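Working notes for the structure below.
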Amino acid sequence: MKKITLVLILLSAVSLLFFLTGCTEEDSGMSIEDRIDAFVSDLNGSSSTRAGIFKEHFHPDSYSYTGSEGTIDSAFETAGQNYSITSISGSGSSRTVVIDGDSVSTDYGSYTFDMREEDDDDWLIFSVYDNDNTIYSLPGTAP
């Protein structure tokens with residue numbers, strides 16, 4: 001009886017281990033809103049965090065995937081901004097996002113994020129527009 005109990009406990013532990021290693025956040029994908037939130041959070045990061053922002057958040061087919069960190073730094077200042085999302089609205093693969101920052105020298109406001117699904121339920125940024133001016137997009141895709 002003790003051997004059977006020991007075997008059952010061991011099998012349960014192994015099953016639990018397989019279950020836990022198979023259920024990672026990476027496997028579950030990221031919703032549109034969660035991706036935008038993560039992008040804005042990374043805007044508040046250090047230079048090293050910003051260096052990976054394109055590969056982390058932009059779709060591989062986006063022109064910005066091979067991106068220029070200088071472009072993102074000119075669109076969103078780097079020092080002490082404390083960016084935050086005021087609101088997200090929209091449907092389908094496009095969201096209008098109001099972003100606020102601490103800077104008095106920059107007029108932050110409404111941005112349009114066009115998203116693409118990479119894998120099941122894993123959404124990535126394809127392009128970002130500010131008042132109809134392209135910040136990041138494939139050439140020729142401005143609205």
Side-chain angles (χ1 to χ4, degrees), residues 4-143:
I4 292 174
T5 304
L6 183 59
V7 168
L8 288 175
I9 290 172
L10 184 60
L11 287 174
S12 296
V14 170
S15 297
L16 182 62
L17 179 65
F18 282 121
F19 175 76
L20 292 176
T21 58
C23 295
T24 63
E25 186 175 323
E26 186 173 278
D27 291 338
S28 64
M30 191 175 279
S31 71
I32 291 175
E33 288 78 7
D34 288 344
R35 177 67 65 192
I36 294 169
D37 186 54
F39 170 75
V40 172
S41 292
D42 284 351
L43 287 176
N44 293 322
S46 65
S47 296
S48 62
T49 302
R50 279 181 165 231
I53 204 165
F54 291 105
K55 300 258 191 246
E56 180 71 22
H57 299 297
F58 281 75
H59 193 278
D61 291 339
S62 172
Y63 180 71
S64 299
Y65 188 72
T66 57
S68 156
E69 282 71 30
T71 304
I72 198 166
D73 289 343
S74 65
F76 296 98
E77 295 176 26
T78 56
Q81 293 308 305
N82 194 28
Y83 293 105
S84 61
I85 296 173
T86 304
S87 67
I88 297 179
S89 60
S91 62
S93 62
S94 183
R95 295 292 186 275
T96 300
V97 181
V98 178
I99 298 175
D100 193 17
D102 291 342
S103 175
V104 293
S105 65
T106 305
D107 183 21
Y108 296 105
S110 181
Y111 297 84
T112 300
F113 283 72
D114 289 325
M115 310 294 288
R116 297 292 185 272
E117 192 173 20
E118 174 66 5
D119 295 314
D120 285 343
D121 298 323
D122 191 19
W123 289 88
L124 296 166
I125 300 167
F126 190 74
S127 59
V128 180
Y129 301 99
D130 172 18
N131 299 324
D132 295 329
N133 295 315
T134 302
I135 295 176
Y136 319 104
S137 73
L138 281 171
T141 61

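The first residue of the sequence shown is numbered 1, and numbering continues consecutively from there. The model shown is predicted, which means the values in this text are computed figures rather than measured ones.
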Report yes if the side chains of Phe113 and Ile32 come closer than 4.5 Å at any heavy-atom pair, otherwise no.
no
query: So do the side chains of Leu124 and His57 get within less than 4.5 Å of each other, counting heavy atoms only?
result: no
Between [atom1] of [X] and [atom2] of [Y], what distance do you get to the nearest 0.5 Å?
X      : Y      : atom1 : atom2 : value
Trp123 : Met115 : CH2   : CE    : 8.0 Å
Ile99  : Thr86  : CD1   : OG1   : 8.5 Å
Leu43  : Asn82  : CG    : CG    : 11.5 Å
Ile36  : Ile85  : CD1   : CD1   : 6.5 Å

**Q.** Check: Tyr83 main-chain N/O paired with Asn44 side-chain donor or acceptor under 3.5 Å
**A.** yes
query = Would you find a donor on one side and an acceptor on the other, under 3.5 Å apart, between the side chain of Arg116 and the backbone of His59?
reply = no
Looking at every heavy atom in both [X] and [Y], which two are closest together, and how far apart are they?
X      : Y     : result
Asp122 : Met30 : OD1-N, 3.3 Å
Phe126 : Phe58 : O-CD2, 4.4 Å
Glu118 : Pro60 : OE1-CD, 3.8 Å

By side-chain contact (heavy atoms from CB on, under 4.5 Å), Ser31 pairs with (sequence neighbours left out) Glu33, Asp34
Taken in chain and number order and not counting sequence neighbours, the residues that satisfy side-chain contact (heavy atoms from CB on, under 4.5 Å) with Asp121 are Glu117
